[in-house]
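Not measured: the values here are computed from a predicted model.
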Number of protein chains: 2
Amino acid sequence: MSKIKIIIVDDHLLFSQSLSYLVGSFENFEVAGIYNNGKEFITAVKGGIKLPDIVLLDVNMPIMDGIETMKWIKQNHPDQKVIALSVNNDEDTVMRMITNGAKGYLLKDTDPKNFKEALEEVYSRGFYYSEMVSGYLINKLNNDNKIVLKEREIEFIKLACTEKTYKEIADGMCLSPKTIDGYRENLFQKLEIKTRIGLVLYAIKHKIVCI
Amino acid sequence: MSKIKIIIVDDHLLFSQSLSYLVGSFENFEVAGIYNNGKEFITAVKGGIKLPDIVLLDVNMPIMDGIETMKWIKQNHPDQKVIALSVNNDEDTVMRMITNGAKGYLLKDTDPKNFKEALEEVYSRGFYYSEMVSGYLINKLNNDNKIVLKEREIEFIKLACTEKTYKEIADGMCLSPKTIDGYRENLFQKLEIKTRIGLVLYAIKHKIVCI
DNA sequence: TCTTACAAGGGGAAATAACCCCTTTTTGTA
DNA sequence: TACAAAAAGGGGTTATTTCCCCTTGTAAGA
């Protein structure tokens, strides 16, 4: 009986290489490949590598992050089982990975025993949702007032998180200052904030910009 | 000839456990212990465990972080060799670890080969400074125009990172709005920024406020 | 004792941000 | 195709921020 095949996608070489030893130490599991970021992995898949049973996907990566990669996987290989791996447990990120098809979300401070369990469950049952994830799922069901930001709004927010004036932002986006005024007012209402400072804080908290 | 002993201090169990496999795979090295945070490690040291040849110390930990731990080690066991391990390479943090006595600073995306090299160099020569660290050291020597923020200024910055107006901030600090005006202008000059947005970005980048 | 430095406070003006209410154009879709 | 919704643009006003230059008291150094 052949072993369950795992591919690791993580930019922290020290971690991915080490993790591959850990996975290798489990009976029934073997690492079939290690990639440094989503782009490398996708290139390899396009190049025709054999898909593994489970992909372990880091969320925070510089080149092509977990969320982008997850989207691509969902579109092109919707049945691929993926477990997200991350150090951060903020609701936004977790939910985005799950809604894009991740079958599990593990924090990097997970006990190796739980980790093995998660691998086994995802392989056999198809998913593994920790208490944290379940909590977020329930939360989402209850108050489903999700805030949707449009592309253009996100562009505006990013520029608002600089020392540019709104006039300069308008120039940068090739829009009239008055249109920018509209964007701002919309966002203030939608995000329940009152000032540009609030917008900056929101943007950073929700990782729309990174500093 | 006995092996070189390593202790790992890192809150990410998945990482520390995995890393211990990696270290174990190197000839001449063995892991003598794994601790979840600085507090656990220090407690163990106080309890009389044998100090290892090298401590691998994570910088970002929830309970007692790398910097605090490093300070304690410097005070109590100044000859202990420590290599800092971190995902972040911002100058502030790197320099604080180095000035507190870390013999090396490695990023978690380091190649395992470099990692092994670093272990060997720290053991034999006593230190291992990557290009990044050397760069920061030189930088520190050249422009030693460190920015010092006064207590009251920090208080002001924290309030500036909210949706309060300056008038409200003045009330909050029991000062005249005009004094606040002075604080702001001082900071704008000192930090080479032009707007309150710039101040907020500075504050977050330098961890004066956390969001 | 005589600076020097700095915290605190201030006047007044110009630029920018925030607010409210409105029109035109584009777009999606029933 | 026609209707509704969303995007873009606008007028006019007020509040806030930013800027420059100034005074006073106080405490530490030379």
- Item | Pairs where residues 29-45 of chain A contributes a residue and the test salt bridge (charged side-chain N to carboxylate O under 4.0 Å, His left out) is met, not counting sequence neighbours | A:K5-A:E30

- Note on the structure: Those residues at least two apart in sequence (or on a different chain) that pass side chain to side chain donor-acceptor pair (under 3.5 Å) with A:E153 are A:K190

Using distance only, find each side-chain donor-acceptor pair of residues 177-189 of chain B under 3.5 Å and give its atom names and separation, not counting sequence neighbours.
residue: B:D181; atom: OD1; partner: B:R184; partner atom: NH1; Å: 3.1
residue: B:D181; atom: OD1; partner: B:R184; partner atom: NH2; Å: 2.6

- Note on the structure: Here the salt bridge (charged side-chain N to carboxylate O under 4.0 Å, His left out) pairs for residues 160-169 of chain A, sequence neighbours left out, are A:E163-B:K194

- Query: In whole angstrom, what separates B:E153's CD from C:dA7's P?
  - Reply: 7 Å

- Residues B:L159 and B:R196: closest non-hydrogen pair is O-NH2, 3.9 Å

- Message: Quick check: closest heavy atoms across A:Y129 and A:S134, and the distance to 0.1 Å?
- Response: O-OG, 3.8 Å

- Using atom CG of A:L175 as one end and atom P of C:dT24 as the other, report the distance to the nearest whole Å. 20 Å

- Provide the full list of salt bridge (charged side-chain N to carboxylate O under 4.0 Å, His left out) pairs with a residue in residues 74-99 of chain A, sequence neighbours left out, each pair given once. none

Nucleotides 4-6 of chain D: which of its N/O atoms have a protein N/O under 3.5 Å away?
none

- Any salt bridge (charged side-chain N to carboxylate O under 4.0 Å, His left out) involving residues 104-114 of chain A? Give me the pairs, sequence neighbours left out, ordered by first then second residue. A:D10-A:K108, A:D58-A:K108

- Message: Salt bridge or not between B:E155 and B:K158? Use side-chain N to carboxylate O under 4.0 Å.
- Response: no

- Query: Taking CE from A:M173 and P from D:dG9, how many angstroms apart are they, rounded to a whole number?
  - Reply: 10 Å

Can you give me every donor-acceptor pair (side chain of residues 204-211 of chain A, partner residue at least two apart or in another chain, under 3.5 Å) with its distance?
residue: A:H206; atom: ND1; partner: A:Y202; partner atom: O; Å: 3.0

- From CG of B:N186 across to P of C:dA5 the rounded distance in Å is 14 Å

- Message: Any base atoms under 4.0 Å from B:T179, or only sugar-phosphate, or nothing? Heavy atoms, all strands.
- Response: base

- Kindly state each residue pair satisfying ring-ring contact (aromatic ring centres under 6.0 Å, His included) with at least one member in residues 36-73 of chain A, sequence neighbours excluded. A:Y35-A:F41, A:W72-A:H77

Pairs: protein N or O with nucleotides 27-29 of chain D N or O, under 3.5 Å:
none

Which atom pairs link the protein and nucleotides 17-19 of chain C when you take only N or O atoms and keep those under 3.5 Å?
residue: C:dA17; atom: OP1; partner: A:R196; partner atom: NH1; Å: 2.9
residue: C:dA17; atom: OP2; partner: A:Y166; partner atom: N; Å: 2.9
residue: C:dA18; atom: OP1; partner: A:R196; partner atom: N; Å: 2.7
residue: C:dA18; atom: OP2; partner: A:Y166; partner atom: OH; Å: 2.6
residue: C:dA18; atom: N7; partner: A:R184; partner atom: NH2; Å: 3.3
residue: C:dC19; atom: N4; partner: A:D181; partner atom: OD2; Å: 2.8

- Message: Can you see whether B:F127 has B:R125 sitting over its ring - NZ or CZ less than 6.0 Å from the centre and within 45° of the normal?
- Response: yes

- Here the pair of heavy atoms bringing B:L149 nearest to B:I154 is CB-CG1, 3.8 Å

- Students should find that the end-to-end axis angle of the helix from C:dT1-D:dA30 to C:dA30-D:dT1, with five pairs defining each axis and rounding to 10 degrees, is 40°

- Item | Length of the line joining A:I180:CD1 and D:dG11:P, which is rounded to integer Å | 16 Å

